[in-house]
Amino acid sequence: MAEPQSNCSVDLLSYKNPPIGIAVVGYNDLRTIPPAKLLRLRNTYSFHYVRNGRGELFIRDKKYALKAGDLFYLPRHEPLAYYPDEKDPWRYFFIDLYDPNAQAVAELLGFSKYTPFISVGNPENITDAFDNLFSGRTSSADFYNRTLAVLSVIIFNTMHRELPEDEPKLPNIVDNAKDIIKLNYANSEFSIKLLADELHITNTHLTRLFHDSTGITPIAYLNKVRLFEASSLIQHGITSIRELCDKCGFKDEHYFMKRFKKHFGRTVKEHFKKSQEYTYNVYKRNIEQDME
């Protein structure tokens, strides 16, 4: 199938009652139009597929080098910029969606805050699908349905790609989640919903990834971090329930005491006494060894 002959786009906002909200579908040849090297905020969710050439994406203070066969995702309302390589300007197809379900589709394909682009499997299938889409103009309804077919090709070939060795794996998302939890556990307002928002994935998706990787849910891990911090503070002589709650992110004292006893098998006072006995025994043993 021949490459589209010119830059073009089709506005599908006028299509009534669509099952998926598609705003615009288009093709840009940056060999023939000047690039806009400016940060921008998009009002749509956008998938860009690089047909030929190269370019760069700047998002979240990072730069990504893209090439033919790469699919990159542009979220809504986030500062970003993308423009072509000067020596080998890219030509890309794009699909802009206003449907919030587009975010879920992006996550399904493997996009995240830390993975804004992926190299698709069988890129020739996607290229042919787009080329065919722009090979002839039809009614809005027909063009809309053919665009859905292209989306299906993208989803199928992306989900069945082979992951290269250096592509981020799912545990990386989990590792990032753990790091964020460890930095924010003491904040009683911190929640898994806030964590998911920070990672740009849904609460449900985060919980599934986290459980698949660790065997526990994010909220269970958060509680575990908070409880172990409480244990450490108790060993250093802090036994005030209110102070422990304040320092470890628990809002409710009764809930904290209940969770603490269930996890460690003893109350805060019993835990302090046990830690004191352990410290004394270690000290005594060291003294005895020094005297031998």
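Given the structure is predicted, the values throughout are model-derived calculations rather than measurements.
Counting all heavy atoms, side chain and backbone alike, Cys245 lies closest to Glu253 at SG-CA, 3.8 Å. When all heavy atoms of Ser188 and Lys251 are compared, the pair lying nearest together is O-CE, 3.3 Å. Of all non-hydrogen atoms in Asp29 and Arg91, the two that sit nearest each other are OD1-CG, 3.2 Å. The minimum heavy-atom distance linking Pro123 with Gly69 is given by the pair CB-CA, 4.0 Å. The shortest heavy-atom contact between Ser46 and Phe94 is OG-CB, 4.5 Å. Leu57 and Pro116 make their closest contact through CD2-CB, 4.0 Å (heavy atoms, listed as atom of the first residue, atom of the second, distance).
For Glu124, the side-chain contact (heavy atoms from CB on, under 4.5 Å) criterion is met by Asn122, not counting sequence neighbours. Here Pro75 pairs with Ile59, Arg60, Tyr73, Glu78, Leu80 under the side-chain contact (heavy atoms from CB on, under 4.5 Å) rule; sequence neighbours left out. For Tyr64, there are no side chain to side chain donor-acceptor pair (under 3.5 Å) partners at least two apart in sequence or on another chain. By the side-chain contact (heavy atoms from CB on, under 4.5 Å) test, Ala81 pairs with Leu39, Phe58, sequence neighbours left out. Under the rule for a side-chain contact (heavy atoms from CB on, under 4.5 Å), the partners of Ser191 that lie at least two apart in sequence or sit in another chain are Lys193, Leu194.
The distance between the ring centers of Phe228 and Phe264 falls below 6.0 angstrom. In this structure, His200 has its ring center at least 6.0 angstrom away from the ring center of Phe111.
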**Request:** List the steps and the verdict of salt bridge (Lys or Arg N to Asp or Glu O under 4.0 Å) for Asp70 and Lys67.
**Result:** CA-CA 6 Å; Asp70 286 342; Lys67 63 185 185 308; 3.5 Å; yes

**Message:** Could you walk me through whether Tyr45 and Asp99 satisfy the side chain to side chain contact (heavy atoms under 4.5 Å, CB included) test, starting with their C-alpha distance in whole Å, then the side-chain angles of each, then the deciding distance to 0.1 Å, before giving a yes or no?
**Reply:** CA-CA 8 Å; Tyr45 309 88; Asp99 194 321; 6.0 Å; no

**Message:** What verdict does the side chain to side chain contact (heavy atoms under 4.5 Å, CB included) test give for Phe250 and Ile241, after you've listed the backbone C-alpha separation in whole Å, the side-chain angles of each residue and the deciding distance to 0.1 Å?
**Reply:** CA-CA 10 Å; Phe250 288 99; Ile241 302 299; over 6 Å; no

**Request:** Could you please spell out the steps behind the side chain to side chain contact (heavy atoms under 4.5 Å, CB included) verdict for Leu151 and Ile22?
**Result:** CA-CA 11 Å; Leu151 276 173; Ile22 302 173; 4.3 Å; yes

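Sorted by first and then second residue, the salt bridge (charged side-chain N to carboxylate O under 4.0 Å, His left out) pairs with a member in residues 222-231 form an empty list; sequence neighbours excluded.
Looking at heavy atoms from C-beta onward, Thr44 lies out of side-chain contact with Leu97 at the 4.5 angstrom threshold. Two residues are said to be in side-chain contact when any heavy atoms from C-beta on lie closer than 4.5 Å; Phe47 and Leu109 meet this criterion. Within the 4.5 Å cutoff, side-chain heavy atoms of Val225 are placed close to those of Tyr221. Between Glu243 and Leu233 there is no side-chain heavy-atom pair separated by less than 4.5 Å. Phe256 has its side chain within reach of Leu227: a pair of non-hydrogen atoms, C-beta onward, lies under 4.5 Å apart. With contacts defined as side-chain heavy-atom distances shorter than 4.5 Å, the pair Ile180/Leu199 qualifies. Residues His271 and Lys261 are not in side-chain contact: their nearest non-hydrogen atoms beyond the backbone lie 4.5 Å or more apart.
Arg146 forms no cation-pi arrangement with Phe134, by the criterion of a distance under 6.0 Å to the ring centre and an angle within 45° of the ring axis.
Residues Tyr83 and Tyr49 do not share a hydrophobic cluster, clusters being chains of Ile/Leu/Val/Met/Phe/Trp/Tyr side chains in contact below 4.5 Å. The cluster map of Ile, Leu, Val, Met, Phe, Trp and Tyr, joined by side-chain heavy atoms under 4.5 Å apart, puts Ile192 and Ile173 in the same cluster.
Around the NE2 atom of His77, the shell of radius 6.0 Å holds more than 12 heavy atoms that belong to other residues, nucleotides or ligands. With a 6.0 Å radius and a threshold of 12 heavy atoms from other residues, nucleotides or ligands, Arg54 has its CZ atom at or below the threshold.
Side chain of Asn184 to backbone of Asn187: no donor-acceptor contact under 3.5 angstrom is found. Looking at Ser213, its side chain never comes within 3.5 Å of a backbone N or O of Leu209 through a donor-acceptor pair. The main-chain N or O of Asn43 is found under 3.5 Å from a side-chain atom of Arg76 such that the two form a donor-acceptor pair. Under the 3.5 Å distance criterion, the side-chain polar atoms of Thr214 are matched with a main-chain donor or acceptor of Ile216. Under the 3.5 Å distance criterion, the side-chain polar atoms of Asn28 are left unmatched by any main-chain donor or acceptor of Leu30.
Of the candidates Tyr27, Tyr82, Trp90, His48 forms a ring-ring contact (aromatic ring centres under 6.0 Å, His included) with just one, namely Tyr82.
Separation of atoms OH (Tyr185) and CG (Leu222) is listed at 11.0 Å; rounding is to 0.5 Å. Taken to the nearest 0.5 Å, the NZ atom of Lys269 stands 12.0 Å off from the CD1 atom of Ile234. Considering CD of Gln103 and OG1 of Thr202, their distance stands at 8.5 Å, rounded to 0.5 Å. In this structure, Ile126 CD1 and Ile155 CD1 are separated by 10.5 Å, a value rounded to the nearest 0.5 Å. Distance check: Phe143 CZ to Leu148 CG gives 11.0 Å after rounding to the nearest 0.5 Å. To the nearest 0.5 Å, atom CZ of residue Phe210 and atom NZ of residue Lys178 are 5.5 Å apart.
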